[in-house]
Amino acid sequence: MTSVPDKFLKPYNPKETEGKIYKKWENSGYFNPDNLPKRHKKPFTIIMPPPNANGSLHVGHAVFVTIEDLLIRYKRMRGYKALWLPGADHAGFETQVVYEKKLEKEGRTRFGMDTQKLYQEILEFTLSNKSFMENQLRQLGASCDWSREKFTLDKDIIETVYETFKQMDKDSLIYRSPKSINWCTKHQTSLSELETISEEKVDPLYYMKYGPFVLATVRPETKFGDTAVAVNPKDKRYKNWIGKEIEFEGLLGPIKLKVIADDYVDPQFGTGVVKITPAHDPNDFEVAKRHNLRAIEVIDQYGKLNEKCGKYAGLKVEEARKIIAKDLMEKGFIEKVEENYKHTVKKCYKCERVLEPRILPQWFIKMKPLAEKAIKSIKKGEIKFYPKHYKKIMLHWLNNIEDWNVSRQIIWGIPIPAWYKDKEIFIGEKSPGADWKKDNDTFDTWFSSGQWPFATLGYPKGSDFKKFYPTQVMETAGEIIFFWVARMIMLGIYRTGKIPFNTVYLHGIVTAKDGKKMSKSKGNVISPLELSAKYGTDALRMALTIGNTPGTTTALYEEKINAYKNFANKLWNVTRFVLSNTSESAKKPKLSKDDKKLLDNLEKTLKIVTRDMENYRFYMAGEKLYHYLWHTFADKIIEESKEILNGDNKNLKNSRSWLLREMFSLQIRALHPFMPFVTEEIWQSLQKKNTLLMIENWPILRNNV
RNA sequence: GCGCCCUUAGCUCAGUUGGUAGAGCAAUUCAUUUACACUGAAAAGGCCGGGGGUUCGAGUCCCUCAGGGCGCACCA
C-alpha cells in the first residue's frame with residue numbers, strides 16, 4: 001500500500017493545485033516543442049487567435065483556450081511536436097473605441113489631442129492589458145509556447161505586413177481611389193463592409209416635385225447635392241426627357257439638373273424617377289461614375305449640413321430632414337408622403353449610429369483574384385471545416401466578395417506606408433523626398449491579423465515557418481469567419497502559395513442560461529476568471545467542453561460548472577481509494593477472467609474516445625470519460641472491489657489491486673487534456689518516477705486508432 | 001430576396017455512417033460514521049415542432065408548413 005498524502009483526505013482544492021502545477025509545466029520547458037523528448041517528431045501546430053489586448057478575457061476566450069489546449073495536450077500526448085503559438089492583438093479600431101470611452105469618462109476626447117501622445121497612451125494601455133491577459137491565459141491552463149509569443153505590433157510582424165502591401169502593389173492588387181465609403185460620424189473613420197450592420201428602419205418616403213417630375217426619396221436633406229435625375233432607359237413615360245435639362249425652383253433658388261438614363265433605376269419603384277446624389281449615396285456614386293457626373297458634398301464629416309446648404313447649414317442630418325420636409329411641404333413641393341416606408345440602413349457595428357456614405361480616397365484591395373484561389377483550395381477539400389456547413393457559408397461569401405477598404409482614419413494601428421506628392425504615390429516606410437506627404441491612416445486591424453499564421457512563424461526566412469507551416473488547426477469563433485478566417489486563407493495563399501491551415505474548427509457563442517447573449521448592458525456577463533477561481537479551472541473547462549458542439553451557441557451557467565467541480569472531487573476521492581488499496585508495482589500479475597474483461601471494456605471505451613478526439617467530437621469524448629469514471633469505475637468496479645480486496649483469495653486480490661491502479665492511471669491520462677490540473681496533481685502521487693503527465697503517452701493499449 | 005442553423009425529458013443540451021430515445025441539473029423515494037454528502041441505490045419523466053414521403057425500419061434521409069436564431073445582398 002502506498003501511504004496516502006494528507007491532501008487527499010480533504011476535498012479537492014483547486015487553489016492549492018493550479019498555480020503550482022502551472023509553474024511546474026512552464027518550468028519544464030515542454031510548452032516549447034523544441035524541448036519535447038525525442039519521440040515527438042511530427043509537428044502539430046495551432047496558432048492562437050490573438051486576444052484583443054484591451055480588457056480582460058471573457059468567456060469566449062475561455063472557450064478557445066479550453067478547446068485549443070485540449071487539442072494541443074491530446075496531440076502532445078500522442079507524440080506530436082505540439083506547438084501552440086500565443087499572441088496578442090493591438091486590435092486597432094476595437095481598442096481605440098475602448099480607449100475613447102475611457103477618455104470620455106475622464107472628460108477628455110481624442111480629437112485635438114496630440115497624436116503622438118495619444119498613441120503612447122494607448123500603447124501603454126494595451127501593453128498593460130496584454131501582460132494582464134497573459135496571466136489570465138495561464139490561469140486557464142493554456143499550455144502554449146510563451147517563448148514564441150507574438151504581438152501584432154512587433155517589428156517583424158509589421159515588416160511582414162508592409163512586405164505584403166508592397167507585393168500587392170507590384171501585383172496591382174491594391175489601388176487608392178475615391179469611392180463611396182461607410183463613414184462613422186462618431187468614430188470619424190471609414191469602415192469596411194463587414195464592420196457595418198444592416199438594420200430595418202421605418203421612415204417617411206417623400207414624393208417631391210422636381211420640375212416636371214415627381215420623385216420619391218427618404219433623404220430630402222441631400223437634395224442640395226443632387227447632380228442629375230435618372231430614369232430607366234426603357235421607361236416610356238420619360239423617354240423624351242432623357243438628355244435634356246430640367247429647371248425648377250428649389251428651397252435655395254433655381255435648380256438645373258440633367259436627366260440621365262440608367263438601368264439602375266427601377267421603373268416600378270416610386271415614380272420611376274430618382275435624384276442622383278453621388279456624394280451621399282453609394283449607388284448614386286456608381287451611377288455618377290458611369291455618366292461623368294460631378295459630386296457635390298453637402299454633408300460634412302460630422303453628419304451636419306455644410307455651407308452649401310444655405311440657411312440649413314450646421315443642422316444635423318436628422319433635424320435637417322424634418323425641417324426641410326416641412327419647408328418643402330409649405331411651399332407645395334411635396335405631393336404626398338408615404339409614412340411607414342420600410343428600408344434598411346447601414347450602421348456602425350460599434351456605436352450603431354447610421355453611417356453616412358462619403359467619398360474619400362482610400363486604399364482598397366482587389367479581392368476577387370485572392371478569393372478565387374481560396375475558393376479553389378476549399379472546393380478541393382484542402383481545408384476541412386467543423387462543423388461542415390461553414391464550408392458553404394464561406395464559399396458563399398467568397399463568391400460575392402467586394403473590394404476591401406483597408407484604410408482607417410484612426411491613429412491606433414499600423415501606419416499605412418504610403419506617401420503622396422500631387423498625384424504621385426509612393427509606397428514605402430521612408431519618405432522618398434522633401435515634398436512628400438505621409439498617408440495619415442492606419443491599416444484595418446484584420447489586414448495584419450489576416451497574415452497572422454505565416455507572420456508569426458517568421459515567413460519567409462524563419463526556420464519555424466519551414467517546420468510548422470501550414471499549421472494544422474485554426475480554432476476560433478464562428479462569428480469572425482469572414483473577418484479573420486477567410487482573410488487568413490486568402491492572404492496565406494497569396495503570400496506563401498500554401499493554405500495556412502488544414503482544418504478550421506469554429507465554436508459558437510457562449511450565452512447565459514436563457515440563451516441570451518452576454519453583454520455588459522444586460523448585466524449577465526460572467527467572468528471566466530471568477531468562475532475558475534470559484535469552481536476550479538478544470539470544472540470550468542469541462543463545462544465549456546461537454547455539451548458544446550462546434551458552431552452552435554452554448555449556454556454556460558454555474559450549476560453546470562458545479563457539476564464538474566464535483567467530478568474533480570470524485571477523481572480526488574478515487575485517488576484516495578486507489579492509493580490506500582493498491583500499490584505501484586512494476587510487474588503485472590496474471591489477471592483474473594473478470595478483471596481481463598473489465599480492462600478490455602475500458603480499452604474499448606478509450607478507443608471510442610480516441611476516435612471522437614480525432615473527429616473533433618470533444619464534447620462526446622469528455623462525456624464518455626466522465627461517465628465511465630463515475631458510473632462504471634467508481635460506482636461499480638470500486639464497489640465490487642471492496643469485497644475482493646477484503647477477501648482471502650490472494651490471486652484475485654493481486655489481480656484486482658493491479659487492475660484498479662492500471663485502469664485509473666489510464667483514465668487519468670485520457671482525462672488530462674480535459675482537466676489538466678487535477679489529473680497532473682493526481683499523477684504526481686500515482687507514480688514515483690516524477691514524470692509529468694503532460695508528456696505521458698495517450699492511453700491506447702494495443703492497436704493504434 | 002438569397003442562404004445557413006435550431007425546434008428531443010421541467011431546464012441546458014447530446015444523439016458519428018438510418019437499427020427498440022441519452023447525459024447533466026432540477027424534482028420523487030430510499031440508504032447513511034461510506035474512498036467520496038462535492039455520496040450511493042431505485043424509480044419517474046419524451047406521439048424527438050406539425051404534416052407528407054423514401055425504407056423492412058426515420059430523431060437521423062427527402063419534401064412541405066409553422067416558430068425561433070443568424071448571415072449575405074438590397075431600390076431612391
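Computed from a predicted model, the values in this text were never measured in an experiment. Computed from heavy atoms alone, side chains included, the values below leave out hydrogens, waters and symmetry copies. Protein chains get the first letters and strands the later ones, always in sequence-line order, with residue 1 at the start of each.
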Only stems of 3 or more consecutive Watson-Crick or G-U pairs count here, both distances under 3.5 Å; name the ones for RNA chain B, or none.
-> B:1-7 with B:66-72, B:10-13 with B:22-25, B:28-31 with B:39-42, B:49-53 with B:61-65

On RNA chain B, more 5' by nearest nucleotide between A:Glu639 and A:Asp284 is A:Glu639

Closest-nucleotide 5' rank along RNA chain B - winner of A:Gly272 and A:Ile393 = A:Ile393

Work out how far the [atom1] atom of [N] is from that of [M], and round it to whole angstrom.
N	M	atom1	result
B:rU28	B:rG15	C1'	27 Å
B:rA58	B:rU20	P	12 Å
B:rA31	B:rG45	C1'	23 Å
B:rA14	B:rA73	P	29 Å
B:rG67	B:rA27	C1'	29 Å
B:rU60	B:rG68	P	22 Å
B:rG10	B:rG3	C1'	35 Å
B:rG46	B:rU8	P	14 Å

According to a strict under-4.0 Å criterion, is [X] in side-chain N/O contact with OP1 or OP2 of [N]?
X	N	value
A:Asn566	B:rU39	yes
A:His627	B:rG15	no
A:Lys570	B:rG40	yes
A:Arg576	B:rC36	yes

Scan [X] against the nucleic acid and name what it touches under 4.0 Å (heavy atoms): base, sugar-phosphate only, or nothing.
X	answer
A:Asp266	base
A:Val273	nothing
A:His280	nothing
A:Tyr341	sugar-phosphate
A:Lys642	base
A:Val218	sugar-phosphate
A:Ala634	base

How does protein contact run along nucleotides 5-14 of chain B, one letter per nucleotide 5' to 3', with B for base contact, S for sugar-phosphate only, - for none, heavy atoms under 4.0 Å?
-> S-----SBSS

From [atom1] of [X] over to [atom2] of [N], roughly how many Å is that when rounded to an integer?
X	N	atom1	atom2	value
A:Leu395	B:rC2	CG	P	20 Å
A:Leu629	B:rA35	CG	C1'	12 Å
A:Tyr626	B:rG24	OH	C1'	6 Å
A:Leu571	B:rA35	CG	C1'	13 Å
A:Leu9	B:rU33	CG	P	19 Å
A:Lys388	B:rG3	NZ	P	20 Å
A:Ile481	B:rG3	CD1	C1'	13 Å
A:Glu199	B:rC72	CD	P	13 Å

For A:Trp572, the option from A:Phe664, A:Phe677, A:Tyr12 that meets ring-ring contact (aromatic ring centres under 6.0 Å, His included) = A:Tyr12

Can we call the ring centroids of A:Tyr312 and A:Phe224 under 6.0 Å apart?
-> yes

A:Tyr505-A:Phe385 aromatic ring centre distance below 6.0 Å | no

A:Lys201 atom NZ, over 12 foreign heavy atoms within 6.0 Å = yes

In this structure, are over 12 heavy atoms from other groups packed under 6.0 Å from A:Lys258 atom NZ?
-> no

Judged by atom type as modelled, is there a donor-acceptor pair below 3.5 Å linking the side chain of A:Asn573 to the main-chain atoms of A:Asn569?
-> yes

Between A:Lys289 and A:Glu286, is there a side-chain N and carboxylate O pair less than 4.0 Å apart?
-> yes

Per A:Arg617 side chain, nearest of listed nucleotides B:rA76, B:rC72, B:rU16 | B:rU16

State which of B:rA35, B:rC38, B:rA76 makes the closest approach to the side chain of A:Pro11.
-> B:rC38

Closest non-hydrogen atoms of A:Glu199 and A:Lys347, given as atom of the first, atom of the second and distance, are OE1-NZ, 2.8 Å

Evaluate the ring-ring contact (aromatic ring centres under 6.0 Å, His included) criterion for residues A:Tyr74 and A:Trp698: first the C-alpha distance (whole Å), next the side-chain angles of each, then the deciding distance (0.1 Å), finally the verdict.
-> CA-CA 7 Å; A:Tyr74 167 68; A:Trp698 174 258; 4.8 Å; yes

Examine A:Lys336 relative to A:Tyr207 and say whether NZ or CZ is less than 6.0 Å from the centre of the six-membered ring and inside a 45° cone about the ring axis.
-> yes

Among side-chain atoms of A:Tyr210 and A:Asp226, is any donor-acceptor pair under 3.5 angstrom?
-> yes

Would you check if there is a donor-acceptor pair between the side chains of A:Lys275 and A:Thr277 at a distance under 3.5 Å?
-> yes

